[in-house]
Amino acid sequence: MSLVFFNTLTRQKEEFVPIESGKVKMYTCGPTVYDYPHIGNYRTFLFEDLLRRYLKYKGFQVTQVMNLTDIDDKIIIGSQKKGISLDEYTAPYKKIFFEDLNTLNAEASEFYPEATKHIKEMVKIIKKLLGKKHAYEIEGSIYFKISTFPEYGKLSKMNLEELKVGTRVKADEYEKEQVSDFALWKAWDEKDGDIFWETEIGKGRPGWHIECSAMSMKYLGEYFDIHTGGVDNIFPHHENEIAQSQCATGKKFVNFWLHAEHLLVDNKRMAKRYGNFYTLRDLLDKGWYPMAIRYLLLSTYYRQQLNFTLEGLEAAKNSLQRIFDFSDQLETIEKEGKNPQAERLVISAKEKFEAGLDDDLNVSIGLAAIFDLIYEVNKLLRENQVSKTDAQLILNQMDSFDKVLGYLKKPEESLDDKAVQLVERREKARQDKDWQLADKIRKQLLEMGIILEDTSAGTKWKKKI
RNA sequence: GGCGGCUUAGCCAAGUGGUAAGGCAGAGGUCUGCAAAACCUUUAUUCUCCGGUUCGAAUCCGGAAGCCGCCUCCA
């Protein structure tokens, strides 16, 4: 079975073949560091994490670049309001972003380049574009001339002639030859205060799109495999990247464009301007388990809108609990021997999982494969038909699935002294058949977030997630 | 106005021509001191609606309704 991805460029599923055998170079549009990212942002970043992990699972050596946009209008306004420098303003948000990625168990990308540290690279491309007459300068600002790139609109399927020039397009803030031309370089203006770069192409700051072209080329080369982002990036951002990159290099820029659909909250798009967004911190503060959030954000096919609800998060948490309980139980098996059925179940789960993920990361199929395995093995467990060897085989397979999904493993837990004492006291009460006391202690522990289960192999505890 | 997507059980969701995966929640049961977990049984004669094609349609075609998105800040 071959790996296929839906390519926005062709609007079709295509077999993924890397440019260089065994290696994948991918650029993932990262955050603009001006605020706490919301969980919709993280849906996209986790989709990118899943993509990265699955490519690695398939044996590719992955080089991922995720940029940090640390210069744009919002950042300038924000920093000026606070009267601090750009760096002072963005530093905490960069930190928060990395902390959040860590909380959500996203693997680190190989590179996290920052726009402000790549002005030189951007200037170089802009100069090239000026030289090739793909760009022009007006009053110190430099614009990309769309009419010089016939392929413009190919990615977004937009017809520029039909673009409605309406309320959304501000009456020319900057003078441009054509409204749809976009800024590569914005000339310094008084509003910018001390935020500017003195460069060969003048005093000013970069437009938004140029950073991604400059940084992707620097770390991945002029032509690479995959470029991803949220669907809202298709136009204009990615369209513009293609235009400026291909005009600068004369080469094809990217083979596969993958876009994650948006997360909705209450069936509405979550956006900062709507004020209906949850940040990761909001959810953590309310006591939600981080891996349940990861589970939920990754539980649906990335090209489909996902409606976020707390009810859904609760369901995600419960699903996760079932998975954890399953692994916990396997770890306690001591039975000798080997049951060929276990191996058969593992193989069929693996095949189904891979078939699903191979098909444009259809994670629902992958999850079904895992739950099928859990169900079938639980049946065997009930009949005491699983040996320690079998259990290990199954656990290894779960680990392998977890390399891709990143939420199947329960973190190590321990009980504090007080809890340990309570568990012991209850055990004593049970031996004395003092059920009233035993039940009272069990309830007390539950209130402390500890769940007790009396099994034939003794009392087990787990933390409430 | 232009362009794109979606609509499957209480909720989430797979399924692109062969008779509805999986998860959560609910109900009854087995087990248990009681619970929990697990297992068993149960939960859509039906896939937004109306037509059509076909031996056969959630899947293809036509139409209608509803929802969401993009159209130069946006994951």
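Sequence lines set the chain letters: A, B, ... in the order given, protein chains first and strands last, and positions in each chain run from 1.
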- Ring centers of A/Tyr289, A/Tyr295 separated by less than 6.0 Å: no
- So which nucleotide from B/A13, B/G2, B/G69 ends up closest to the side chain of A/Met158? B/G2
- Can you check the A/His209 NE2 to B/U72 P distance for me, whole Å? 11 Å
- Item | Protein-nucleotide distance (A/Glu314, atom CD; B/G23, atom C1'), rounded to Å | 14 Å
- If we only count heavy atoms from C-beta on, is the A/His259 to A/Thr228 side-chain gap below 4.5 Å? no
- Task: Looking at every strand, decide which applies to A/Ser364 at a 4.0 Å heavy-atom threshold: base, sugar-phosphate, or nothing.
- Result: base
- Query: So does A/Thr44 reach the base of B/A75 with its side chain, donor to acceptor, closer than 3.5 Å?
  - Reply: yes
- Task: Could you work out the separation of B/G63 and B/C68 based on their P atoms and round it to a whole Å?
- Result: 23 Å
- Quick one: sort the A/His238 and A/Trp257 rings into parallel, tilted or perpendicular, breaks at 30° and 60°. tilted
- Query: Quantified in whole Å, what is the C1' atom distance between nucleotide B/A14 and nucleotide B/U54?
  - Reply: 25 Å
- Task: For B/G4, give its Watson-Crick or G-U wobble partner with both distances under 3.5 Å, or none.
- Result: B/C68
- Query: Along nucleotides 32-41 of chain B, 5' to 3', which nucleotides get a B, which get an S, and which get a -, given that the test is a protein heavy-atom distance under 4.0 Å?
  - Reply: -BBBBSBSS-
- Task: Specify the residue among A/Leu296 and A/Arg11 whose closest nucleotide of RNA chain B lies further upstream toward the 5′ end.
- Result: A/Arg11
- A/Phe353/A/Phe401 aromatic ring centres below 6.0 Å: yes
- Message: Between P on B/A75 and CG on A/Asp72, what's the gap in Å once rounded to a whole number?
- Response: 9 Å
- Query: Could you give the OH-to-P distance, from A/Tyr42 to B/A75, as a whole number of Å?
  - Reply: 12 Å
- Assigned partner base of B/C55, Watson-Crick or wobble definition, under 3.5 Å: B/G18
- Message: Is it the case that over 12 heavy atoms from other parts of the model lie below 6.0 angstrom from the NZ atom of A/Lys388?
- Response: no
- Task: Could you work out the separation of B/A25 and B/C11 based on their C1' atoms and round it to a whole Å?
- Result: 7 Å
- Note on the structure: Testing B/G23, B/A14, B/A25 for proximity to the side chain of A/Ile365, the answer is B/A14
- Between B/U59 and B/G15, how far apart are the C1' atoms? Round to whole Å, please. 8 Å
- Message: Could you check whether A/Arg303 makes a cation-pi contact with A/Phe6, meaning its NZ or CZ is under 6.0 Å from the centre of the six-membered ring and within 45° of the ring axis?
- Response: yes
- Query: Would A/Tyr143 and A/Phe182 count as a close aromatic pair, with their ring centres under 6.0 Å?
  - Reply: no
- Query: Is the gap between the ring centers of A/Tyr219 and A/His118 under 6.0 Å?
  - Reply: yes
- Message: Counting only side-chain nitrogens and oxygens, does A/Ser156 get under 4.0 Å of the OP1 or OP2 atom of B/G4?
- Response: no
- Task: In whole angstrom, give the distance that lies between atom CG of A/Leu310 and atom P of B/A25.
- Result: 16 Å
- In whole angstrom, give me the gap between the P atoms of B/A58 and B/C49. 11 Å
- Scan A/Tyr301 against the nucleic acid and name what it touches under 4.0 Å (heavy atoms): base, sugar-phosphate only, or nothing. sugar-phosphate
- How far does the P atom of B/G28 sit from the matching atom of B/A65, given to the nearest Å? 45 Å
- Query: Does A/Gln304 make a side-chain N or O approach to OP1 or OP2 of B/A14 shorter than 4.0 Å?
  - Reply: yes
- Item | Separation of B/G23 P from A/Glu311 CD (nearest whole Å) | 17 Å
- Message: Applying a 4.0 Å non-hydrogen cut-off, can you work out what A/Gly40 is touching in the nucleic acid: base, sugar-phosphate, or nothing?
- Response: base
- Message: Using atom C1' in both nucleotides, what's the gap between B/G66 and B/C31 to the nearest angstrom?
- Response: 48 Å
- For nucleotides B/C47 and B/A20, find the distance between their C1' atoms and express it as a whole number of Å. 8 Å
- Item | Of the listed nucleotides B/U72, B/A75, B/C24, the one nearest the side chain of A/Ser180 | B/U72
- Message: In terms of relative ring orientation, are A/Tyr27 and A/Phe224 parallel, tilted or perpendicular, with 30° and 60° separating the classes?
- Response: tilted
- What's the CG-P distance between A/Leu367 and B/A13, to the nearest Å? 13 Å
- Message: At 4.0 Å (heavy atoms only), tell me whether A/Ala315 reaches a base, stays on the sugar-phosphate, or touches nothing.
- Response: sugar-phosphate
- Atom CZ of A/Arg303 and atom C1' of B/A13 are separated, to the nearest Å, by 16 Å
- Both distances under 3.5 Å, Watson-Crick or G-U wobble: report the partner of B/A13, or none. none
- Query: To the side chain of A/Ser319, which of B/C68, B/A21, B/G23 is closest?
  - Reply: B/G23
- Give one of base, sugar-phosphate or nothing for A/Asn362, where a contact means two heavy atoms less than 4.0 Å apart. sugar-phosphate
- Query: Whom does B/A38 pair with, Watson-Crick or G-U wobble, provided both distances fall under 3.5 Å?
  - Reply: B/U30
- Give me the one residue out of A/Asp70, A/Asp72, A/Asp73 that meets salt bridge (charged side-chain N to carboxylate O under 4.0 Å, His left out) with A/Arg205. A/Asp73
- Item | Assigned partner base of B/U46, Watson-Crick or wobble definition, under 3.5 Å | none
